[in-house]
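Accompanying notes for the structure given below.
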Amino acid sequence: MKVLRILYIFFFIGICFSLFVMMPFSHSDMDVEKRQATEFPKVKTEDGKLNMDYFDQLTDYFSDNFAFRQELANADAVMKSKLFFTSNNEKAIVGKNDWLYFNGSLKDYFGRDLLNEREIYAAAKTISLMQEYSESKGCDYVFTVAPNKNTLYPENMPDNYLAAEMDTNIEHLRDKLSVTKTAEGDDVNYVDLQGTFLSQDKVMYHKWDSHWNNEGATLACDKILSSIGKDHYDYTDEPYTVQKNHSGDVWQLIYPTWDKKDENVIYQKEHSYTYVNPVESVEDMFIVTACEGKDGSVVMFRDSFGNALLPYVADEYGSGVFLKGMPLNVQQIEISSATTLIYEVVERNIPNIIAYLPIMDAPDRTDMIGDEEISDASDNKTTASYEDKVQQLVIYGELDPDYVETESDIYIKLTKPDGSMAYYEATPGSYEKREDGDDLSYYYGAYIKKEFVPSGTTAEVICRKENTFYSVKKLILEYN
């Protein structure tokens, strides 16, 4: 018995040591994990000092680079998913009937950490201000939310994952947008894809991926372009085949070396757009397209759901600019002479609407509130700062909650050195990066062209509560 124990110990040590020895002959493909493998640490830091984190970094290096890492992880994943119906990756959920879901959608699914009423109002207001800005430049505007996969198809979620019985962010935002108007009194152009997909009698999302398939993408494209009266190709009766050629993003998280493809709809009609800039894939952050024989120009702010949507939108416009990432530079519509702005965000990223202040000129509200009496309430907790952005100033900060109601708007009053005054409406979003889950209720920011703000101008932050305007913070704007 003692000999067997010793042999077992030596066998175990040998296996572990072999993972180290074989490292030069086995390399992990980190592309499937969408990150860089940890590099071998250096004994000294860049400034020549001893690297006190060397051994921690060495541990991380070995964890990312030991031999057959992904093969062993794949074997572990197969055993856990097939025998115990659990995932070995915290970002993935093993559902019923061989379905996979993305963990990032669980807050919405469970109804946890939802946006409060003020945050929902702020999101709706931000969207309406983007529409107002776009339309002021002669550009059609569309906003839409791509529903989480488990919002549409919860039946294959694990039985112990209980869905929220109340409305969540996507319903709250939909309801608020339905009663939100722009300053011109126009309805916000919101395309309700949740209702659209729920009304279909077929599944239009991938089984092993968190996104819609090509059939879902063409349906979304149809609803988006129809909402602005844009002529486009109708794929309803287009012949197609179903092929197993799609690499599911959730599948890759669980089985990094098991190259098993998900099904996708492949239409007979071929795409006609071309790339103008060098593009590796539709996942690139910045893509410019052209399509001969088509009219108009589109700018689309998108996330990963825009990957499948992009080809169908690009086919319908003479030129297109497709952007990922935050903050949204809404001024791109002027740079691109766009005739359409499409803003698509996935349900789980709805908080990002107000977590990143969009870059656009704040609308002038002088005629709206110029004659209103402003009460002084500068002795409060409101903060205000500003930055020189070359052609614009951005004024931003956080409001004192005691001077804000659920639907309070925020204004910036400018008193120039010559005594003239102007008012601009701020966007209720955060200029500075916040942590995930932070309360975003009281942040604001406004981009104003420097030509309207001479150095030495006094800026006042104006809030409205119980039908009274309050000046809650003042600062002097000085720049070269």
Should [X] and [Y] count as side-chain neighbours, where that means a heavy-atom distance under 4.5 Å?
| X | Y | answer |
| --- | --- | --- |
| Asp186 | Glu135 | yes |
| Leu399 | Tyr444 | yes |
| Tyr267 | Thr218 | yes |
| Arg302 | Asn307 | yes |
| Tyr255 | Lys260 | no |
| Met360 | Leu129 | yes |
| Ser304 | Val346 | no |
| Leu357 | Tyr447 | yes |

How many angstroms lie between atom [atom1] of [X] and atom [atom2] of [Y], to the nearest 0.5 angstrom?
| X | Y | atom1 | atom2 | result |
| --- | --- | --- | --- | --- |
| Ile342 | Cys221 | CD1 | SG | 7.0 Å |
| Thr236 | Glu215 | OG1 | CD | 9.5 Å |
| Ile224 | Asp140 | CD1 | CG | 13.5 Å |
| Asp303 | Asn349 | CG | CG | 6.0 Å |
| Leu440 | Arg118 | CG | CZ | 11.5 Å |
| Ser210 | Asp249 | OG | CG | 3.5 Å |

Donor-acceptor check, side chain of [X] to backbone of [Y], threshold 3.5 angstrom: yes or no?
| X | Y | answer |
| --- | --- | --- |
| Asp167 | His172 | no |
| Ser136 | Tyr133 | yes |
| Lys149 | Lys207 | yes |
| Asn169 | Leu115 | yes |
| Trp208 | His246 | no |
| Thr340 | Val298 | no |
| Asp192 | Gln194 | yes |
| Asn150 | Leu106 | no |
| Ser455 | Tyr479 | yes |
| Asn213 | Val265 | no |

Distance-only check: which donor-acceptor pairs under 3.5 Å involve side-chain atoms of residues 152-159, not counting sequence neighbours?
| residue | atom | partner | partner atom | Å |
| --- | --- | --- | --- | --- |
| Tyr153 | OH | Met204 | N | 3.0 |
| Asn156 | OD1 | Asn97 | ND2 | 2.6 |
| Asp159 | OD1 | Lys96 | NZ | 2.8 |

Can you name the closest pair of heavy atoms from [X] and [Y] and give their distance?
| X | Y | result |
| --- | --- | --- |
| Ile354 | Pro428 | CG2-O, 3.3 Å |
| Gln131 | Asn189 | OE1-N, 2.9 Å |
| Tyr109 | Leu162 | CE2-C, 4.0 Å |
| Asn103 | Ala92 | CB-N, 4.0 Å |
| Ser134 | Ile333 | CA-CD1, 3.7 Å |
| Ala123 | Ile353 | O-CG2, 3.9 Å |

Report yes or no: is the cationic atom of Lys269 (NZ for Lys, CZ for Arg) closer than 6.0 Å to the six-membered ring centre of Tyr233, at no more than 45° off its axis?
-> yes
Is it true that the NZ or CZ of Arg434 lies under 6.0 Å from the centre of Tyr443's six-membered ring and within 45 degrees of the ring axis?
-> yes
Please identify each residue that fulfils ring-ring contact (aromatic ring centres under 6.0 Å, His included) with Trp212, with sequence neighbours left out.
-> Phe197, Phe305
Option from Thr406, Asp409, Thr126 for which side-chain hydrogen bond (donor to acceptor under 3.5 Å, both in side chains) with Tyr121 holds = Asp409
Side-chain H-bond candidate by donor/acceptor type, Glu184 with Thr182, under 3.5 Å | no
Verify the distance criterion only: is there a donor paired with an acceptor across the side chains of Glu347 and Thr151 at less than 3.5 Å?
-> yes
Side chain to side chain contact (heavy atoms under 4.5 Å, CB included) evaluation trace for Tyr190 with Thr180 = CA-CA 10 Å; Tyr190 171 59; Thr180 298; over 6 Å; no
Output yes when Asp388 and Lys450 qualify as a salt bridge under the 4.0 Å nitrogen-oxygen rule, no when they do not.
-> yes
Do Lys181 and Asp187 meet the salt-bridge criterion of a basic N to acidic O distance under 4.0 Å?
-> yes
The single option from Glu117, Glu171, Glu407, Glu119 that satisfies salt bridge (Lys or Arg N to Asp or Glu O under 4.0 Å) with Lys176 is Glu407
Between Tyr101 and Tyr161, does the ring centroid distance fall short of 6.0 Å?
-> no
Atom [atom1] of [X] with >12 non-hydrogen neighbours under 6.0 angstrom:
| X | atom1 | value |
| --- | --- | --- |
| Asp436 | CG | no |
| Asp367 | CG | no |
| Glu451 | CD | yes |

Going by the angle between their ring planes, with limits at 30° and 60°, are Tyr275 and Tyr273 parallel, tilted or perpendicular?
-> perpendicular
Hey, can you tell me if Tyr396 and Tyr431 have their rings parallel, tilted or perpendicular (30° and 60° cut-offs)?
-> tilted
Please step through side chain to side chain contact (heavy atoms under 4.5 Å, CB included) for the pair Gln392 and Asp361, ending with a clear verdict.
-> CA-CA 8 Å; Gln392 296 169 299; Asp361 294 329; 2.7 Å; yes
Sole residue of Leu173, Thr168, Leu114, Asp108 in side chain to side chain contact (heavy atoms under 4.5 Å, CB included) with Ile350 | Leu173
Verify side chain to side chain contact (heavy atoms under 4.5 Å, CB included) between His271 and Tyr312, making sure each step is shown before the conclusion.
-> CA-CA 8 Å; His271 294 294; Tyr312 301 102; 3.4 Å; yes
Please step through side-chain hydrogen bond (donor to acceptor under 3.5 Å, both in side chains) for the pair Gln243 and Thr241, ending with a clear verdict.
-> CA-CA 6 Å; Gln243 300 179 20; Thr241 59; 3.1 Å; yes
Can you list every ring-ring contact (aromatic ring centres under 6.0 Å, His included) pair that touches residues 329-350, not counting sequence neighbours?
-> Phe143-Tyr343
Evaluation steps, side chain to side chain contact (heavy atoms under 4.5 Å, CB included), between Leu225 and Tyr317 = CA-CA 11 Å; Leu225 298 185; Tyr317 287 89; 3.6 Å; yes
